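Notes to accompany the following structure.
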Amino acid sequence: MTALLVSLAIAGTQPAMSQSAPQHVATIPAHRLNEEWWKTRHEQRVALTAKGGIDVAFIGDSITHSWENGGKAVWAKNFAPLKSGNYGFSGDRTEHVLWRLENGEVIDAQPKVVVIMIGTNNIGHGSSTPAQTADGVEAIVGKLLGEIPGTQILLLGV
């Protein structure tokens, strides 16, 4: 199903999402507001979204977040000129991305492209099965297509 969603996203069409999407940990939005750094980063990403001017939004976990640290020079050379925004949060899982999308991140910026790489922590920390993780990724793609249907989605493998 995920491959179908990505194909449809690239074609600019919105798939018919199931009315009864699976409900489990990977698909139920959850926050990490009890972690001060996470709360601060979320507030910063909401402000980035509100500012606008983002053509490419990168959504993910520490792999995406680390473009601001060890990958800073590569980001500045290759991604910053594309008017990119980094929405990576170390340790995040699919349910955290869903919560962030519902709480002011990415969507109002109306990016032209969204690059997603998420799911490592769902499987790696044992909170979700591979099938549940795929459901979580599908929910993220469905949320984005439903809210900003003209956006192209690039779904990266974990």
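Remember, predicted model here, so these are calculated numbers, not experimental data. What you see below is based on every heavy atom in this structure, not just the backbone, and it leaves out hydrogens, waters and symmetry mates.
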Check whether [X] reaches the backbone of [Y] with its side chain - one donor and one acceptor, N or O, closer than 3.5 Å.
{"X": "Q110", "Y": "I107", "value": "yes"}
{"X": "N121", "Y": "R93", "value": "no"}
{"X": "T151", "Y": "P111", "value": "yes"}
{"X": "N122", "Y": "T94", "value": "yes"}

Within-4.5 Å side-chain heavy-atom neighbours: [X] and [Y]:
{"X": "Y87", "Y": "T49", "value": "yes"}
{"X": "I59", "Y": "I118", "value": "no"}
{"X": "L82", "Y": "D55", "value": "no"}
{"X": "D92", "Y": "R32", "value": "yes"}
{"X": "V46", "Y": "N103", "value": "no"}
{"X": "R41", "Y": "N86", "value": "yes"}

Quick check: closest heavy atoms across [X] and [Y], and the distance to 0.1 Å?
{"X": "D61", "Y": "G91", "value": "CB-N, 4.5 Å"}
{"X": "G85", "Y": "I54", "value": "N-CG2, 3.8 Å"}
{"X": "Q132", "Y": "A26", "value": "O-CB, 3.2 Å"}
{"X": "E95", "Y": "S127", "value": "OE2-OG, 4.4 Å"}
{"X": "A76", "Y": "P81", "value": "O-CD, 3.4 Å"}

Using the benzene-type ring in the case of Trp, are the ring centres of F58 and W67 under 6.0 Å apart?
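Aromatic pair excluded; centres sit 6.0 Å or further apart.
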Can I63 be reached from L156 by stepping across I, L, V, M, F, W or Y side chains whose heavy atoms are under 4.5 Å apart?
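They do share one cluster, since a chain of ILVMFWY contacts under 4.5 Å joins L156 to I63.
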Is L98 linked to I123 within one hydrophobic cluster, defined over Ile, Leu, Val, Met, Phe, Trp and Tyr using a side-chain heavy-atom separation of less than 4.5 Å?
no
Among residues at least two apart in sequence or on other chains, which ones pass salt bridge (charged side-chain N to carboxylate O under 4.0 Å, His left out) with R45?
E68
ILVMFWY clustering at 4.5 Å (side-chain atoms), partners of W37:
L33, W38, F89, W99
Restricting to side chain to side chain donor-acceptor pair (under 3.5 Å), what partner residues turn up for T133, sequence neighbours left out?
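Partners of T133 by the side chain to side chain donor-acceptor pair (under 3.5 Å) criterion come out as none, since no residue qualifies.
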side-chain hydrogen bond (donor to acceptor under 3.5 Å, both in side chains) assessment of D135 paired with H24:
CA-CA 9 Å; D135 290 342; H24 48 69; 2.9 Å; yes
